[in-house]
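Working notes, beginning with the structure itself.
Order of listing sets the numbers, starting from 1, for every ligand and every atom in it.
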Amino acid sequence: MRILVPGAGGQIGSELISAVNRRHGEDQVLCTDLDPSRIKDAVHREALDVTDAAALRDIIRRYEINEIYHLAAILSGTGEKNPQLAYRVNMDGTFNILEAARESGIAKVFAPSSIAVFGRGINRANTGDEAPLRPATMYGVTKVSAELLFDYYRDRYDLDVRSLRFPGVISWKTEPGGGSTDYAVDIYRSAVQRASYTSFVRENTVLPFMYMSDVIRSIEELMTAPAENIRRSAYNVTGFSASCAEFAVSIRRRFPGFRVDYEPDFRQEIVDHWPQIIDDHHAREDWDWKPEYGLDETSDDMIENLSRFFTTSRPDSGSQVPEAS
Ligand code: NAD
Ligand code: SER
C-alpha cells in the first residue's frame, strides 16, 4: 500500500480517487474520511479524523504509505459558521499530515490551497501569485498558514510538499462541501431538475472557476512534474472567470426558459474579498499548466452528465449526486 487520500469522500476526493487508482493501481490506494461509507470506488477505505495525530501515524505505518493527497478540510461557508472547527481541522489536520510525513519519510505530499488566501489589498481584476495574503475568513487564514507551513517543511526538512490555489471547483458527481462557490454547482443541478434557481450571490458577482477534469489534471501534472521545476510551494491556477448572470446565459443555450433569482446571504461578503481573475502564469511557465474547459464547455459537460444521472437514478438510491436544494 502506498498512497493515502484523507478526505476522499468529498467533492475533489471522490473524483481524484479514480485518477490515483489509474496511476498507481487501486490496491495501492487507501482512502479515508470521517465516515468511510461516503467513499466510492475504493478497494481500501478506513475512518480517519485528521485531527487525531496518533491514528494518522498508525495508518501510515500499517499501510506503508509513501505519498499523501490531503483533501480533508472545512470549506469557507461552513468555516465562517464555525471558525473554531475550521481552525481545528484545517490547522491541526495539516500540521499532523506534515509531521507524520516528516517522521515517516513520506516521498511527496499534495494539499490544496485556495483563492481564499487572498483578501484585502489585492487587485481583484488580476491577482497574481505574489499578491498580498490578507484573508478575511478563518478558512483563508488557515490556508495562508498551511502555505507557510509548506514553505517551512520544504526548506527545513526537504519534504516535497506541493499545493495549488484552486478557484471555485465545478463538478457533477459529488455535492460540494460547504464552500462559498457552491452556487456554481447548484445552478446546474437546478437547471436539469427544475426551471429556476435562487442564487446566494448577486448576479454581477465575478469569480474564477475550474471544471473538475482540469482540477484533476492539474493535480496530476503538478505531482508528476520534476522537482526542479517546482519553484514555489503553492501555485495559482485557474480555468475561466464568470459572473453568476453569465452562468445563467450559458445554461439558457440548453434550457431557454431557465430563470435565476438572487437572494445574497452571508457568503456574498466572503466572495466579495476574493479575486475575480487569477493570473496563473507561474504554473504555465514552470510545469506547462493550461486549462481546457471554459464556461460553455463546463456547462455542456455538466448538463449532459447531470441530465443522464437524473434520468437513470433516483436521488434517494444512495447515489452521490443529491437533489438541488
Ligand atoms: P469537501 O468538503 O467536499 O471534502 C472535504 C472532506 O473532508 C469531506 O469528505 C469531509 O468529510 C472531510 N473531513 C472534514 N473534516 C475532517 C476531519 N477532521 N478528518 C478527516 N476528514 C475530514 O471539500 P473539497 O471540495 O473536496 O475540498 C478538498 C480540498 O480542496 C480542501 O482542502 C479545500 O479547501 C480545497 N479546495 C476546494 C475548492 C472547491 O471549490 N471545492 C476550492 C479551493 C480549494
Ligand atoms: N470553493 C472554495 C470555497 O468556497 C474556495 O476554496 O470555500
Side-chain angles (χ1 to χ4, degrees), residues 4-17 31-40 45-53 55-56 59 68-82 85-97 109-119 135 137-144 146-147 150 163-171 173-186 200-201 205 207-212 214-216 218-219 234 236-239 266-268 270-271 273-275 278 320 322:
L4 173 65
V5 188
Q11 186 190 6
I12 296 178
S14 60
E15 303 212 32
L16 183 65
I17 293 172
C31 297
T32 64
D33 208 306
L34 290 176
D35 173 6
S37 70
R38 287 190 61 204
I39 304 169
K40 316 290 174 201
R45 74 193 84 186
E46 282 208 23
L48 173 66
D49 180 338
V50 290
T51 64
D52 184 342
L56 173 63
I59 274 190
I68 302 178
Y69 293 78
H70 168 41
L71 304 174
I74 301 298
L75 275 74
S76 61
T78 309
E80 281 317 280
K81 283 189 189 154
N82 191 343
L85 175 69
Y87 186 91
R88 234 178 7 260
V89 174
N90 299 358
M91 297 292 288
D92 292 352
T94 301
F95 179 69
N96 289 343
I97 294 278
V109 177
F110 173 74
S113 188
S114 162
I115 55 165
V117 293
F118 301 114
T137 58
M138 178 59 88
Y139 175 69
V141 168
T142 65
K143 290 294 183 186
V144 172
E147 287 192 8
F150 301 157
S163 182
L164 296 172
R165 291 171 175 159
F166 286 128
V169 173
I170 300 177
S171 65
K173 274 191 190 151
T174 301
E175 186 181 21
S180 303
T181 54
D182 293 4
Y183 67 90
V185 175
D186 297 343
F200 61 75
V201 302
T205 301
L207 287 173
F209 293 95
M210 266 169 91
Y211 193 45
M212 186 61 90
D214 277 339
V215 167
I216 301 302
S218 69
I219 297 172
N236 281 5
V237 279
T238 190
F266 72 101
R267 288 166 285 193
Q268 182 71 55
I270 296 178
V271 301
H273 285 93
W274 289 353
I278 287 287
Q320 286 169 283

Closer than 3.5 angstrom, by distance alone: can the side chain of [X] be matched with the main-chain N or O of [Y] as a donor-acceptor pair?
X: S76; Y: S180; answer: yes
X: D214; Y: G239; answer: no
X: D182; Y: G179; answer: yes

* Asked: Does a donor on one side chain sit under 3.5 Å from an acceptor on the other, for S163 and E147?
  ->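 No, E147 and S163 have no side-chain donor paired with an acceptor closer than 3.5 Å.
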Please tell me if the side chains of [X] and [Y] come closer than 4.5 Å, counting only heavy atoms from C-beta onward.
X: T32; Y: P6; result: yes
X: F95; Y: M91; result: no
X: T181; Y: F166; result: no

What are the atom names and distances for all N or O pairs under 3.5 Å between ligand 2 and the protein?
| from | atom 1 | to | atom 2 | distance (Å) |
| --- | --- | --- | --- | --- |
| ligand 2 | 1 (N) | T181 | OG1 | 2.7 |
| ligand 2 | 4 (O) | S76 | OG | 3.1 |
| ligand 2 | 4 (O) | S180 | N | 2.6 |
| ligand 2 | 4 (O) | T181 | N | 3.3 |
| ligand 2 | 6 (O) | S114 | OG | 2.6 |
| ligand 2 | 6 (O) | Y139 | OH | 2.7 |
| ligand 2 | 7 (O) | S76 | N | 3.1 |
| ligand 2 | 7 (O) | S76 | OG | 2.7 |

* To do: Working to the nearest 0.5 Å, report the span between CG of L164 and OG1 of T238.
  => 12.0 Å
* To do: Return the protein residues near ligand 1 (heavy atom under 4.0 Å from any of its atoms), ordered by chain and residue number.
  => G7, G9, G10, Q11, I12, D33, L34, R38, L48, D49, V50, L71, A72, A73, L75, V89, P112, S113, S114, Y139, K143, F166, P167, G168, V169, G177, T181
* Before giving the answer on side chain to side chain contact (heavy atoms under 4.5 Å, CB included), spell out for R165 and F118 the whole-Å C-alpha distance, their side-chain angles and the decisive distance to 0.1 Å. => CA-CA 10 Å; R165 291 171 175 159; F118 301 114; 3.5 Å; yes
